[in-house]
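We count ligands from 1, going down the list as the structure has it; atoms in each ligand are counted the same way. Below, each value reflects all heavy atoms present in this structure, side chains not excepted, and no hydrogens, waters or symmetry copies.
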Amino acid sequence: MSAAVATEARPRRLGRGERPIRIGVIPGDGTGPEVVEEALKVLEAVREGFDVQLERLDLGAERYLRTGETLPDEELVRLAGCDAILLGAVGDPRVPPGVLERDLLLRIRFELDQYVNLRPIVRYPGVRTMIPHHADSDVDMVVVRENSEGLYTGGGGFHRKGTPQEVAVQESINPRHGVERLVWYAFDLAMRPDRRRKLTLVHKTNVLTFAGDLYRRVVDEMAMAFPEVETDYVHVDAACLYLIEDPARFDVIVTDNMFGDILTDLGAVIQGGMGIAAGGNINPHGVSMFEPIGGTAPSETGKHTINPLAAIGALLLLLEELGLDAAAERVDRGIRFAVSKMSSMRAGQMGFDTAEVGALVIEGTTT
Ligand code: IPM
Ligand code: MN
């Protein structure tokens, strides 16, 4: 597919009532369809002053097993024509590991140039987590994870594969331009009214002396353009420790693709679990895609036990990105209401089934 389609600029904030908002929906695999269904019910409940046109895409394991296709070009073109995308989850034990991840999920992220993976780590009031000493207010940060480069580009290869002398090389690609636009996004985010104007770079500069050095220099240079933002640096291993010991020190974290992937699973733990962790793959000038970050949960599939709040949180991020603030605010209220009634964020332990949690959110949007 041509980069021209993927990077075609579009206004990020939509005018109200001008035309329906086109949302690409990829329910995907495992529990993806169940949680997406609840998010769409919530969308219908909070939709006021704008119309929505859903573009449902049949992508994921079933399609791959049926036709051998992961992401045909015409589907990518359809996605590129949407205002935003809501994704359930992809991955299936019947498909070799890496196929759907690389050729579907990562391909969308790369082709639509969604260079920021935005992962808020927020603990809603009343959520119980595994860390008893955290207060709700201690856990309120956003991870700005690089989303199209680093170790994820697939650069590298084998030498003498299958022999005792085999060498596997996996390259981390860090273009200055990519680091700059990421770090700019993070500084800009730190300046938004709901943030605390603190930016922490997380990397491993003591070992990754090339990539880490580039990130460090870019942050230091850009800091001059954002004098109100306090900057900090933490090695990634220490960042894991601080997420547990002192999460309140973090406001906006900016980090590379792989570190961000790992850190945000730990981040989900201090939010209350994968059941509530949502993220956005953002192209600030293009089409962004929103997803619960927990994956397909094969052991819960079809049991009506999965927590839909992460998918509903993904919807919230989608509405915010499109500037539909009133609807977003209602979804936020709905999530808070649901959380206050649930006994846990974990699948099967919520005190409600999947659809009942969705209904609680809808009830809460009107209170
Ligand atoms: C995530 C996932 C993906 C990633 C996988 C499925 C490729 O773990 O969104 O965090 O590593 O980015
Ligand atoms: Mn991950």
TODO: Report yes or no: does Arg109 have a heavy atom closer than 4.0 Å to ligand 1?
DONE: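 Right, Arg109 reaches ligand 1.
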TODO: Answer yes or no for Arg119: is there a heavy-atom contact with ligand 1 below 4.0 Å?
DONE: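 Flag set, Arg119 near ligand 1.
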Distance from [atom] to nearest protein heavy atom, with residue and atom:
atom	result
atom 5 (C) of ligand 1	Leu105 CD2, 4.2 Å
atom 10 (O) of ligand 1	Asp261 OD1, 2.9 Å
atom 11 (O) of ligand 1	Tyr152 OH, 2.6 Å

TODO: Could you tally the protein N/O/S atoms lying less than 2.8 Å away from the Mn ion (ligand 2)?
DONE: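 Total protein N/O/S atoms under 2.8 Å from the Mn ion (ligand 2): 1.
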Going by atom type alone, with no hydrogens or angles, which donor-acceptor pairs under 3.5 Å involve a side-chain atom of residues 289-300 and a protein atom two or more places apart or on another chain?
from   : atom 1 : to     : atom 2 : distance (Å)
Glu291 : OE2    : Arg109 : NH2    : 3.0
Glu291 : OE2    : Asn281 : ND2    : 2.9
Glu300 : OE1    : Thr305 : OG1    : 2.7

Open item on the list: Out of all atoms in ligand 1, which are within 4.0 Å of some heavy atom of Glu101? Include the element for each.
Closed with: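 Answer, ordered by atom number: 6 (C), 7 (C).
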Open item on the list: As an exercise, identify every atom of ligand 1 less than 4.0 angstrom from a heavy atom of Arg145.
Closed with: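 Ligand 1 atoms under the 4.0 Å threshold to Arg145: 1 (C), 4 (C), 10 (O), 11 (O), 12 (O).
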Open item on the list: Side chains of Tyr124 and Asp332: any donor to acceptor distance under 3.5 Å?
Closed with: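 Yes, Tyr124 and Asp332 have a side-chain donor paired with an acceptor closer than 3.5 Å.
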- [ ] Could you list the residues that satisfy ring-ring contact (aromatic ring centres under 6.0 Å, His included) with Phe226, not counting sequence neighbours?
- [x]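 Partners of Phe226 by the ring-ring contact (aromatic ring centres under 6.0 Å, His included) criterion, ordered by chain and then number, come out as Trp184, Phe187.
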Open item on the list: Going by side chain to side chain donor-acceptor pair (under 3.5 Å), name the residues that satisfy it together with Arg128, two or more places apart in sequence or in a different chain.
Closed with: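 Once residues adjacent in sequence are excluded, Arg128 has no partner under the side chain to side chain donor-acceptor pair (under 3.5 Å) criterion.
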